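A quick note: this is a predicted structure, and the numbers were derived from the prediction, not measured. Proteins come first, then strands; the chains are lettered A, B, ... in the order of their sequence lines, and each starts at number 1.
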There are 2 protein chains.
Amino acid sequence: MEKELDTETRIKEAAKRVFLKYGYEGTKIRQIAQEADVNVALVNYYFRSKEQLFKSIYMESFRAFFGKMILLLNEETPFEVKIWKIVDRYTDLIMENPLMPLFVLSENREEGSLLFKEMHVKEVIHTAYFTKQLKEEIAKGNIREVAPLHVIFSIMGNVVFPFLARPIISYIGDMDEEGFRKFMEERKKIVPEMLMAYLKVR
Amino acid sequence: MEKELDTETRIKEAAKRVFLKYGYEGTKIRQIAQEADVNVALVNYYFRSKEQLFKSIYMESFRAFFGKMILLLNEETPFEVKIWKIVDRYTDLIMENPLMPLFVLSENREEGSLLFKEMHVKEVIHTAYFTKQLKEEIAKGNIREVAPLHVIFSIMGNVVFPFLARPIISYIGDMDEEGFRKFMEERKKIVPEMLMAYLKVR
DNA sequence: AAGTGTTTTAAACATTTGTTTAAATATTAA
DNA sequence: TTAATATTTAAACAAATGTTTAAAACACTT
């Protein structure tokens, strides 16, 4: 089952791979062209400039990624189940896009990124059902008093960090791809247990 | 109290700042020269090439950073106290070098980094007193059975990730520098409590 | 003061890299 | 088929960037 892609999408797919892996500065147009098996000039023919190509890809990829994250955050599932589900699904999501986290963080070294503002990340987080749910659980006395941002970044830290440090982990733990996958599967159990153990203590 | 630095160290300090902030590809020699208030040619006069300058800085900075981390890992303090201490001191250490984590991870996108091998990171981790201690506590039945790597990367994830995502956190949480500092100070309490809550459950 | 070696400078150089051009080729429409 | 249009190519271009050069400025010794 061969995929016959037209030139424009071939370039876009190639650009995605290369940008994701090497970042904006590290990516050369000739590298994209080679990866897409296409003449260099065609990159500019279809996408005016490197920057424009980058922006369209960056926004599209991140939008898709972030969209999936938000969807889950707003799902109306009981609190504890949701913690488990979030960890499980975020792990899978990043497993499918393992380069996304470092890419996003690398391209957001400076404060005040336009992308996040354009996507209303702040508002989305603050009005997310998960945030509301967390506050309710605290009010009901079911879980310990804690700022939502700490919970969110504890989840993210525990799930995302291993992917960021993946070459290091693989090296220290002598893991191949399968080994790393197992490591992350283990975390799917450890991380929610850790979070709940903390949150439930009064 | 003015510091009168000679040209070589001025260049080196400038290079440290610029490399740390923009990474290898993102850093231009002319930018370093300007930052050091020095003629472009002097950079190559003192350090043969961009790559060589980078390497010397990269190794030196990371060595110092990693050295401090290891020291703490090998300190002979009771287990629970140590967890608290590690979180506390790592937070402070990174607060002093907030760009180091993203820098190290960005420059280690590929597997098999020489730097880590040269510094015997693997061996150091595996033979660290902390690792031994963890196994002993498990054997004594004081804490839950868990692979040391999970504990280490849970600590790192919880401590380091917020720094990696700092521009994002600051934006979402409307924090200035002081706000972020407070956020991290709060984590100094939350993270060890979370870890211990998990580890102590049997 | 002259001589010696070091440091600094402006300029040039060579390479890389993003972009454009103009001609060649393929595709589509009349 | 023919003419118009779109796509592709090799080549050139211009700007950015790492590096080198050769001379000037400086510091130090004798």
Side-chain angles (χ1 to χ4, degrees), chain A residues 2-61 99 102-103 106-110 113-115, chain B residues 2-61 99 103 106-110 114-115:
Chain A
E2 295 271 324
K3 273 192 233 166
E4 284 290 336
L5 298 175
D6 62 75
T7 309
E8 189 171 345
T9 25
R10 275 228 311 293
I11 294 173
K12 202 160 189 173
E13 292 304 314
K16 247 183 226 169
R17 289 194 297 275
V18 182
F19 273 133
L20 258 289
K21 187 154 185 183
Y22 300 103
Y24 183 77
E25 295 279 358
T27 295
K28 314 301 169 189
I29 282 209
R30 280 167 180 80
Q31 197 182 354
I32 295 174
Q34 199 186 338
E35 183 92 5
D37 194 29
V38 126
N39 188 287
V40 209
L42 284 182
V43 180
N44 279 27
Y45 175 74
Y46 283 104
F47 306 87
R48 285 178 58 80
S49 71
K50 179 187 178 184
E51 198 178 339
Q52 197 154 313
L53 173 58
F54 177 76
K55 272 187 187 154
S56 73
I57 283 177
Y58 181 29
M59 298 208 64
E60 189 183 303
S61 303
L99 300 177
L102 188 52
F103 175 74
S106 291
E107 302 302 332
N108 280 289
R109 293 169 124 101
E110 312 270 346
S113 140
L114 284 174
L115 182 66
Chain B
E2 296 271 326
K3 273 193 236 169
E4 285 289 336
L5 299 174
D6 62 75
T7 309
E8 190 172 346
T9 26
R10 276 227 311 293
I11 294 173
K12 203 161 188 174
E13 293 302 316
K16 247 183 226 168
R17 288 195 296 276
V18 182
F19 274 133
L20 258 289
K21 187 154 183 184
Y22 300 103
Y24 182 78
E25 295 280 359
T27 295
K28 314 299 168 189
I29 282 209
R30 279 168 181 80
Q31 198 182 354
I32 295 174
Q34 198 185 337
E35 183 92 5
D37 195 29
V38 126
N39 188 288
V40 210
L42 282 182
V43 180
N44 279 27
Y45 175 73
Y46 284 105
F47 305 88
R48 284 178 57 79
S49 71
K50 179 187 177 183
E51 199 179 340
Q52 198 154 311
L53 172 59
F54 177 76
K55 272 188 187 154
S56 73
I57 284 178
Y58 181 27
M59 298 208 64
E60 189 183 304
S61 302
L99 300 177
F103 175 76
S106 291
E107 303 302 332
N108 280 287
R109 294 170 125 99
E110 311 270 348
L114 284 173
L115 182 66

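We find that CG of Asn44(B) is positioned 12 Å from C1' of dT21(D), with the value rounded to whole Å. Straight-line distance from the CD1 atom of Ile29(B) to the C1' atom of dT17(D): 8 Å, rounded to whole Å. Straight-line distance from the NZ atom of Lys50(A) to the C1' atom of dT20(C): 17 Å, rounded to whole Å. To the nearest angstrom, P of dT19(D) lies 8 Å from CD of Glu51(B). The CZ-P distance, from Phe19(A) to dT17(C), rounds to 13 Å in whole Å. The interatomic distance linking Glu25(B) (CD) with dT17(D) (C1') rounds to 12 Å, in whole Å. Distance CZ (Phe47(A)) to P (dG18(C)): 16 Å, rounded to an integer number of Å. Rounded to a whole Å, the CD1 atom of Ile11(A) is 13 Å from the P atom of dT19(C).
Ion pair Lys12(B)/Glu8(B) not flagged as a salt bridge, since none of the NZ, NE, NH1 or NH2 atoms sits closer than 4.0 Å to an Asp/Glu carboxylate oxygen.
The six-membered or imidazole ring of Phe103(A) lies near that of Tyr58(A), with a centre-to-centre distance under 6.0 Å.
Stacking of Lys50(B) on the aromatic ring of Phe19(B) is not recorded, the 6.0 Å distance cut-off and the 45° axial limit not both being met.
Residues Ile32(A) and Leu53(A) are in side-chain contact: their nearest non-hydrogen atoms beyond the backbone lie under 4.5 Å apart.
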List, with names and distances, any nitrogen or oxygen atoms from the protein found under 3.5 Å away from nitrogen or oxygen atoms belonging to nucleotides 8-14 of chain C.
{"unit_1": "dT8(C)", "atom_1": "OP1", "unit_2": "Thr7(B)", "atom_2": "OG1", "d": "2.7"}
{"unit_1": "dT8(C)", "atom_1": "OP2", "unit_2": "Thr7(B)", "atom_2": "OG1", "d": "3.2"}
{"unit_1": "dT8(C)", "atom_1": "OP2", "unit_2": "Tyr46(B)", "atom_2": "OH", "d": "2.8"}
{"unit_1": "dA10(C)", "atom_1": "N7", "unit_2": "Asn39(B)", "atom_2": "ND2", "d": "3.4"}

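Of the possible polar contacts, one joining the Arg109(B) side chain to the Lys21(A) backbone as a donor-acceptor pair under 3.5 Å is found.
Pairs of residues two or more places apart, or lying in two chains, that qualify as side chain to side chain donor-acceptor pair (under 3.5 Å) and include a residue from residues 31-46 of chain A are Arg17(A)-Glu35(A).
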